[in-house]
Structures are given as structure tokens and as C-alpha cells.
Visitor: 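Sharing a structure with you now.
Nothing here was measured: the structure is a model prediction, and the numbers come from that model. As the structure lists them, so they are numbered: ligands from 1, and atoms in each ligand from 1.
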Amino acid sequence: MRDGTLEIVQIRAGEMANFSYLIYCPLTLRGLGVDPSFAPDALLDAAGERGVAIEVLVNTHGHPDHIAGNGAVLAATGARLAAHPLDVPGAEIPLGDGSVLAVGKGSLQVLHTPGHTPGSLVLHPPGALITGDTLFVTFVGRADLKGSDPAALFASLRRLAALPPETLVYPGHDYGPQPVSTIGYERAHNPFLQCGDLESFLRLRMG
Ligand SMILES: [Zn+2]
């Protein structure tokens, strides 16, 4: 039996409105954790309640509010850490654009989406995006931090906006009117995705 369907569990993690994620194959109960943030126990509990073994832990980028719980999750599960080397140099599995991660009988693709940080990643399981701090519901990531590149962020967002409108958007923080949206919703309601050129994006994002 082959079925690539993956379950996605959104987990509230910490006081900065972070979201962690558990992505798993319901047939094999093999799973992947994303950004444990300041609440690694919440991710571990979500896996434990479902009987899922976390085999890989992915960081969407290297900011402390996303990677803080890495050590606790790795120690508890024996998972391997996967991330872009520009953001997390020591990761056991270096990821880049086009990388594919197997999750049980399914898999997800990795998009390199620089801008918020040089090594920002978006995870693309079938029909969904785990967008880290690149795209939020009706908002986008900061581009004024050390290592940020606003022009690169604009290009990364254009790439995401070109995906099918029904694609689900699971952001790295709960900053919008709802915790999950779609690319179609973002095209309609996210002012940063409605900027037609880099100049208008820079005016809106950088003030
Ligand atoms: Zn960040």
C-alpha cells in the first residue's frame, strides 16, 4: 500500500506566538518535527499522543525563538537535525532548494526562501506550506534584521504566491486573524503579496 498523505499538526509554542509543527505519515507513524521553539515538550507531547516517532527535526531558519528547543527534542527522540547550513551550520542534514525529506510513505519538498534570513526554508508537503517567518497570515517576515535581504524576501514571496490558490499556509507565528490560511487567501488579503514591484514592497515593508 502506498499513500503519500501526510498529517500536519499545528502546535502553539511559547510566548512569542510561535507555532511548532508535527508532520507525520498516518500509515507508519513516522514523523518530522519543525521548530520546537521554547516549548519542546508541546511537540514531544503531540507526537506521543499519536504514537508518532520523530525521526527528523527541521528548522525553518536559525532564529532563537525557533531553534531554542532543538536540544531537548533531539535528546528525547534521537532525531537528526535538518536545516539550511547558512542559518544552522552544524545541522546533520544540510537542506537547500529542491531537497526532499521522506516522511514514512510520503515526502515533502524543501524551498530555499531567503530574505528574512539567508537560510530561510519553506517546507512543502503535498498541498501545504510550512512558511516559517517568510510568510504569515496577512503579514510577512521582518527584513530589517541582521542577515535580512528585503529584495530576496520579495522574490521568495512572489514564488510562494505563484503556487496553487488552495495550497494551505501554516505560518511560524500566530500573527494573523486566523492560524492557518491558503495562498489564495493571502493573495486576496495580504498587502505585501499585492505589491506589484520591488519598490512598492520596500516602501511597505521597510517604511
Ligand atoms: Zn525569525
Visitor: Would you please classify the geometry between the Tyr21 ring and the Phe19 ring as parallel, tilted or perpendicular, with 30° and 60° separating the classes?
Guide: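 Tilted: the ring planes of Phe19 and Tyr21 meet at 30° to 60°.
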Visitor: Parallel, tilted or perpendicular for Phe201 and Phe154, by the 30°/60° rule?
Guide: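 Phe201 and Phe154: tilted rings.
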Visitor: So, 2.8 Å as the limit: is an N/O/S atom of His61 located closer than that to the Zn ion (ligand 1)?
Guide: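 Yes, since at least one N, O or S atom of His61 sits under 2.8 Å from the Zn ion (ligand 1).
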Visitor: Begin with the C-alpha distance, continue with both residues' side-chain angles, and end with the deciding distance and a verdict on side chain to side chain contact (heavy atoms under 4.5 Å, CB included) for His124 and Leu108.
Guide: CA-CA 5 Å; His124 189 12; Leu108 57 81; 5.8 Å; no
Visitor: In this structure, which one of Val122, Ile8, Asp35 forms a side chain to side chain contact (heavy atoms under 4.5 Å, CB included) with Ile130?
Guide: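 Only match with Ile130 under side chain to side chain contact (heavy atoms under 4.5 Å, CB included): Ile8.
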Visitor: Of the backbone and side-chain N, O or S atoms of Asp65, does one lie nearer to the Zn ion (ligand 1) than 2.8 Å?
Guide: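 No, Asp65 does not qualify, because none of its backbone or side-chain N, O or S atoms lies under 2.8 Å.
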Visitor: Among the N, O or S atoms that His63 has, which is closest to the Zn ion (ligand 1)?
Guide: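 In His63, the N, O or S atom with the shortest distance to the Zn ion (ligand 1) is ND1.
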Visitor: Give the atom name of whichever N/O/S atom in Asp133 sits closest to the Zn ion (ligand 1).
Guide: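 In Asp133, the heteroatom (N, O or S) nearest the Zn ion (ligand 1) is OD2.
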